[in-house]
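All values below come from the heavy atoms of this structure, side chains included, with hydrogens, waters and symmetry mates left out. Order of appearance sets the numbers: ligands from 1, and atoms from 1 within every ligand.
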Amino acid sequence: MQKLVIATGNAHKLHEISTLLQPLGIEVLSQSAFNVPEAAEPHCTFIENALAKARHAARLTGLPALADDSGICVHALGGSPGVISAIYAGEPRSDARNNEKLLAAMHGITDRRAHYHCALVLLRHADDPQPIIAEGQWHGVILETPRGEGGFGYDPLFLDTTLNQTVAEISTDNKNRVSHRGKALRALLEKLRGEMS
Ligand code: ITT
């Protein structure tokens, strides 16, 4: 595989995934370079939505495609916002309003445990019957006030209790070392290598 389309419209995800794929020598292309419009994400599981996005991009570009569907799952909220993390506070999407809504929903809740989940699907072509699938999780807690300027989404509220830093306080490289996306991508690459050997 020489070229790979990253099936996302999220520039932060694209940056994290491209950084992780850099050592492989694959030409990583953004779906926006092909004017691929946003895919529908009607499903209630991360993995189904990731498959839908990868298939959409592979079909429209004629190239292998890798999609990421991810979100934050808060234990005390029964796993919410989950698959609707990007639009938790409605359209137009806004990280600031999503964070405010999450803080309001967790007002007075002492169990602050949460995890990020990432599902990755790689399709060699649109009708690939054997998608390469990998998932990863990152456990932490939701703070009561945001901290840090980096990252995106819920990163200023998500504290890694081992590092004692929010994700918005760490670099992309450090995030990729421990994140849900980093874990999923390393697992995916392991499967890809196994297949090519
Ligand atoms: P694409 O569908 O185009 O990939 P998206 O942002 O809409 O972009 P998702 O539907 O997978 O992607 O929603 C992911 C949302 O989950 C994202 O917008 C954030 O709100 C949250 N999220 C996922 N991973 C995150 C991370 O590493 N840091 C912060 N928030 C994250």
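- Listed by chain and number, Thr8, Gly9, Asn10, Lys13, Glu41, Lys53, Asp68, Asp69, Ser70, Gly71, Ser85, Ala86, Arg93, Tyr116, Phe152, Gly153, Tyr154, Asp155, Lys175, His180, Arg181 each place a non-hydrogen atom less than 4.0 angstrom from ligand 1.
- Pairs passing the salt bridge (Lys or Arg N to Asp or Glu O under 4.0 Å) check and including a residue from residues 163-174, sequence neighbours excluded, read Arg147-Glu169.
- Side chain to side chain, His117 and Gln137 meet the donor-acceptor criterion of an N or O pair below 3.5 Å.
- Taking the six-membered ring for Trp and the full ring otherwise, His115 and His139 have centroids separated by under 6.0 Å.
- Judged as a ring pair (Phe, Tyr, Trp, His ring centres under 6.0 Å), and not counting sequence neighbours, the contacts of Phe152 are His12.
- Here Lys175 pairs with Asp155 in a salt bridge; the nearest charged N to carboxylate O distance falls below 4.0 Å.
- Gln22 is linked by a side-chain contact (heavy atoms from CB on, under 4.5 Å) to nothing, counting only residues two or more places apart in sequence or in another chain.
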